[in-house]
Structure formats: C-alpha cells, structure tokens
Amino acid sequence: MKEKKPLIIEVSVGILLICAGFFIRAEYYSTMIFSMGIGIVFTSAVQLLRITYWQNPKRCAEYEAKKREAHINRVDERKQYLRMRAGHVTYQIMTFSFILLSLVLALLRVDAWVTAMVFFLFVFQCLVGIIVFRVLEKRM
C-alpha cells in the first residue's frame with residue numbers, strides 16, 4: 001500500500017483536473033487542464049496496474065529477483081559511471097542544440113522574444129549545471 005498511495009493521490013488530482021476542465025469557460029485553458037488530467041489519470045492508473053500485477057503472490061519471487069537486480073544496478077560503480085557519462089554527453093548535446101536553435105531562429109527572423117527565450121534556456125542550463133556541480137562537489 002505504501003507504493004500505491006502516491007499513485008492513488010495522483011489519480012484523484014487527475015480526476016479533479018478533468019472536472020475542472022469542464023467548468024472553465026475559456027476553451028483553450030479548459031482543453032489544456034482536461035488533457036493534463038487525462039494524462040495524469042492514465043499514467044498513474046497504468047503504474048497502479050503494474051504494481052498490482054507484480055505484487056501478486058504468484059509473481060512474488062520473480063518480483064523480488066527484479067528488485068534485487070535493480071538494486072545491484074543502482075549500486076554498481078560501472079553503471080553509475082555510465083549514467084554520469086550519459087548525463088554529461090546529454091548536457092553537451094543540449095548545450096549545442098540550444099545555441100544552434102538560437103542561431104537558426106535569429107536567421108529566420110523570428111520574433112526577438114522567442115530567440116531570447118531559447119537563449120535564456122541555454123544560459124539557465126549552464127547555470128544549473130554549474131550549481132549542481134558545486135553542490136555535488138561539496139557533498140562528496
């Protein structure tokens with residue numbers, strides 16, 4: 001039940017969003033809120049079904065084996081290094097993507113606020129990367 005409680009709360013929030021979507025007068029916002037509610041309900045319901053499926057007593061041994069393997073993968077140093085390396089490469093790719101997208105938008109003469117928003121996302125990503133690095137450096 002401990003694993004299911006947050007998902008049940010998410011389903012309830014999703015149902016509230018769906019209901020709110022019916023009562024909002026502005027069509028754009030009502031559709032957006034309704035869609036968010038549908039997404040939350042669907043994903044939480046699928047997770048609930050997955051947890052219920054694996055916690056069935058017939059699959060208990062198989063579920064414990066999966067949990068044990070997942071734990072080993074989490075603490076394995078090689079896999080931790082690979083995850084860090086993947087994060088680093090993704091960070092580099094996104095940095096160059098933001099810069100290239102800003103250049104393309106500027107060349108296409110898109111509104112200045114759109115180009116500025118993409119550029120500020122690049123700056124924000126760099127700042128968050130530096131801050132996270134400093135925090136992790138102090139922890140270790």
Side-chain angles (χ1 to χ4, degrees):
M1 187 63 182
K2 187 174 121 181
E3 295 174 335
K4 295 179 184 178
K5 188 176 180 181
L7 295 172
I8 293 171
I9 292 171
E10 286 180 17
V11 168
S12 303
V13 168
I15 291 172
L16 287 174
L17 286 173
I18 291 171
C19 293
F22 286 121
F23 294 112
I24 294 178
R25 299 279 182 235
E27 184 179 337
Y28 176 78
Y29 295 114
S30 68
T31 304
M32 185 170 45
I33 290 174
F34 180 79
S35 300
M36 285 190 312
I38 292 289
I40 290 172
V41 167
F42 181 74
T43 56
S44 299
V46 168
Q47 284 294 87
L48 275 171
L49 289 173
R50 187 183 65 82
I51 289 172
T52 305
Y53 174 82
W54 283 109
Q55 288 181 346
N56 189 336
K58 292 185 259 182
R59 298 174 196 87
C60 190
E62 192 177 348
Y63 181 59
E64 289 300 321
K66 280 182 68 168
K67 282 176 39 178
R68 194 170 34 256
E69 182 181 339
H71 174 72
I72 290 170
N73 285 337
R74 274 194 308 273
V75 297
D76 182 20
E77 291 175 6
R78 180 177 175 274
K79 301 237 174 156
Q80 286 178 348
Y81 172 75
L82 289 174
R83 281 192 294 273
M84 286 189 293
R85 185 75 179 147
H88 177 71
V89 169
T90 304
Y91 177 76
Q92 287 178 332
I93 290 170
M94 288 308 299
T95 299
F96 290 121
S97 298
F98 277 137
I99 291 172
L100 185 65
L101 182 61
S102 294
L103 177 66
V104 169
L105 290 175
L107 291 175
L108 293 176
R109 296 179 184 246
V110 176
D111 290 337
W113 69 271
V114 175
T115 306
M117 185 174 59
V118 173
F119 180 74
F120 286 129
L121 279 173
F122 160 71
V123 172
F124 176 72
Q125 180 185 3
C126 290
L127 291 175
V128 168
I130 292 169
I131 292 169
V132 168
F133 177 78
R134 301 282 183 205
V135 169
L136 291 176
E137 186 179 40
K138 288 180 182 178
R139 277 191 191 168
M140 296 181 172

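Position 1 is the first residue of the sequence; numbering continues from there.
Both Val104 and Val118 are members of a single hydrophobic cluster when ILVMFWY side chains are connected at heavy-atom separations under 4.5 Å. Hydrophobic clustering keeps Val89 apart from Leu100 (ILVMFWY residues linked when any side-chain heavy atoms are closer than 4.5 Å, directly or through intermediates). A single hydrophobic cluster is seen to contain both Leu105 and Phe122, as judged by linkage of ILVMFWY side chains at heavy-atom distances under 4.5 Å, directly or through other members. One hydrophobic cluster, built from ILVMFWY side chains closer than 4.5 Å, holds both Leu127 and Leu121. There is a path of hydrophobic side-chain contacts, each under 4.5 Å, that joins Val123 to Leu101.
The CZ atom of Phe120 sits 13.5 Å away from atom CH2 of Trp113, with the distance rounded to the nearest 0.5 Å. Separating the OG1 atom in Thr115 from the CG atom in Leu108 is a distance of 8.5 Å, to the nearest 0.5 Å. Considering CZ of Arg59 and OH of Tyr53, their distance stands at 4.0 Å, rounded to 0.5 Å. In this structure, the separation between OG1 on Thr31 and CE on Met36 is 11.5 Å, given to the nearest 0.5 Å. With rounding to the nearest 0.5 Å, the separation of CG in Leu49 from CG in Leu7 is 10.5 Å. Distance CD1/Ile8 to CD/Gln47: 13.0 Å, rounded to 0.5 Å.
Within a 6.0 Å sphere centred on CZ of Phe119, heavy atoms belonging to other residues, nucleotides or ligands number 12 at most. Environment of CD in Gln92: crowded, with over 12 heavy atoms of neighbouring residues, nucleotides or ligands closer than 6.0 Å.
Nearest heavy atoms, Ala20 versus Ile33: CB-CG2, 4.3 Å.
Judged purely by atom type and a 3.5 angstrom limit, Ser30 uses its side chain to pair as donor or acceptor with the backbone of Glu27.
Looking at Lys4 and Thr52, their side chains come closer than 4.5 Å, going by heavy atoms from C-beta outward. Using a 4.5 Å cut-off on side-chain heavy atoms (C-beta onward), Tyr91 and Cys126 make contact.
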| message | Please determine whether side-chain contact (heavy atoms from CB on, under 4.5 Å) holds for the pair Val11 and Ile15, giving the CA-CA distance in whole Å, both sets of side-chain angles, and the decisive distance to 0.1 Å. | response | CA-CA 6 Å; Val11 168; Ile15 291 172; 3.9 Å; yes

| said: Apply side-chain contact (heavy atoms from CB on, under 4.5 Å) to residues Glu69 and Lys66 and explain how you reach the verdict. | reply: CA-CA 5 Å; Glu69 182 181 339; Lys66 280 182 68 168; 5.7 Å; no

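Look at Glu64 and Lys67 and you find a salt bridge, because one of the NZ, NE, NH1 or NH2 atoms lies within 4.0 Å of a carboxylate O, short of that distance.
Checked against a 6.0 Å centroid threshold, the rings of Phe22 and Phe34 count as neighbours.
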